[in-house]
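Structure first, commentary second.
For clarity, every value in this text was computed on a predicted model and none was experimentally measured. Heavy atoms only: backbone and side chains are in, while hydrogens, waters and symmetry mates are out.
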Amino acid sequence: MALAWIVLVLSGMLEAGWALSLKASEGFTRLWPSVGFVAMLALSMAGLGFALRTLPVGVAYGVWVGIGAALTAVLAIVLFGESVSVLKVVSLVLIVAGVIGLNLSGGGH
């Protein structure tokens with residue numbers, strides 16, 4: 001089960017990678033960001049699929065989306081200069097708290 005969690009976390013990180021690559025591809029008009037998008041999307045989905053063999057779908061999907069969303073938002077601030085506000089930071093903290101809560105809620109069967 002530990003391997004499933006490791007793969008799930010890495011897959012969530014890849015979700016952020018494909019989301020940022022999609023932005024960088026400028027609507028699939030730039031080759032390498034588009035290639036990166038497809039590669040990271042495929043690896044992210046494969047990892048999620050692997051984790052779902054062991055973990056419950058509600059917990060695994062919530063964790064995967066939460067990691068991807070929070071990391072995407074943080075990296076968008078750093079890489080694309082998106083605005084930062086107290087509400088945005090508090091919301092990101094709540095997403096992370098939700099991911100931790102799902103994990104603690106009994107991520108096993």
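In this structure, Trp64 and Trp18 have tilted ring planes: the angle between them lies in the 30° to 60° band.
Under a hydrophobic clustering in which Ile, Leu, Val, Met, Phe, Trp and Tyr are joined whenever their side-chain heavy atoms come within less than 4.5 Å, directly or via other members, Val57 and Val7 fall into different clusters. No chain of hydrophobic side-chain contacts below 4.5 Å, direct or via other Ile, Leu, Val, Met, Phe, Trp or Tyr residues, connects Val35 to Leu43. Residue Leu41 is grouped with residue Leu71 when hydrophobic side chains (ILVMFWY) are merged at heavy-atom distances under 4.5 angstrom, including chains of intermediate members. When the side chains of ILVMFWY residues are joined at heavy-atom separations under 4.5 Å, either directly or via intervening members, Val89 and Leu87 end up in two distinct hydrophobic clusters. By the criterion of side-chain heavy atoms lying less than 4.5 angstrom apart, applied directly or through intervening Ile, Leu, Val, Met, Phe, Trp or Tyr residues, Leu92 is not grouped with Leu20; the two fall into different hydrophobic clusters.
Leu8 and Val63 make their closest contact through CD2-CG1, 3.8 Å (heavy atoms, listed as atom of the first residue, atom of the second, distance). For Glu15 against Ser44, the heavy-atom pair with the smallest separation is N-OG, 3.7 Å. Scanning all heavy atoms of the two residues, the minimum distance from Ala4 to Thr54 falls at CB-CB, 3.9 Å. Closest approach of Gly62 and Val99 over heavy atoms only: O-CG2, 4.4 Å. Summarising the geometry of Leu48 relative to Ser11, their closest heavy-atom pair is N-OG, 3.5 Å, with the distance given to 0.1 Å. Nearest heavy-atom pair, Ile95 versus Ala70, reported as atom, atom and distance to 0.1 Å: CG2-CB, 4.0 Å.
The environment of Phe50 atom CZ is dense: over 12 non-hydrogen atoms of other residues, nucleotides or ligands sit within 6.0 angstrom. Counting non-hydrogen atoms of neighbouring residues, nucleotides and ligands closer than 6.0 angstrom, the CE atom of Met45 exceeds 12 such neighbours.
In this structure, the separation between CE on Met13 and CG on Leu75 is 9.0 Å, given to the nearest 0.5 Å. Taking OG1 of Thr72 as the start and CD1 of Ile67 as the end, the distance is 11.0 Å to the nearest 0.5 Å. Distance OG/Ser105 to CD1/Ile100: 12.5 Å, rounded to 0.5 Å.
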Between Leu52 and Tyr61, does a side chain to side chain contact (heavy atoms under 4.5 Å, CB included) hold up when you go through it step by step?
-> CA-CA 8 Å; Leu52 287 175; Tyr61 185 72; 5.7 Å; no
Check against side chain to side chain contact (heavy atoms under 4.5 Å, CB included), Ser34 and Phe28 | CA-CA 5 Å; Ser34 299; Phe28 300 111; 3.6 Å; yes
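Side-chain atoms of Thr29 come within 3.5 Å of backbone atoms of Glu26 as a donor-acceptor pair (strictly under, hydrogens ignored).
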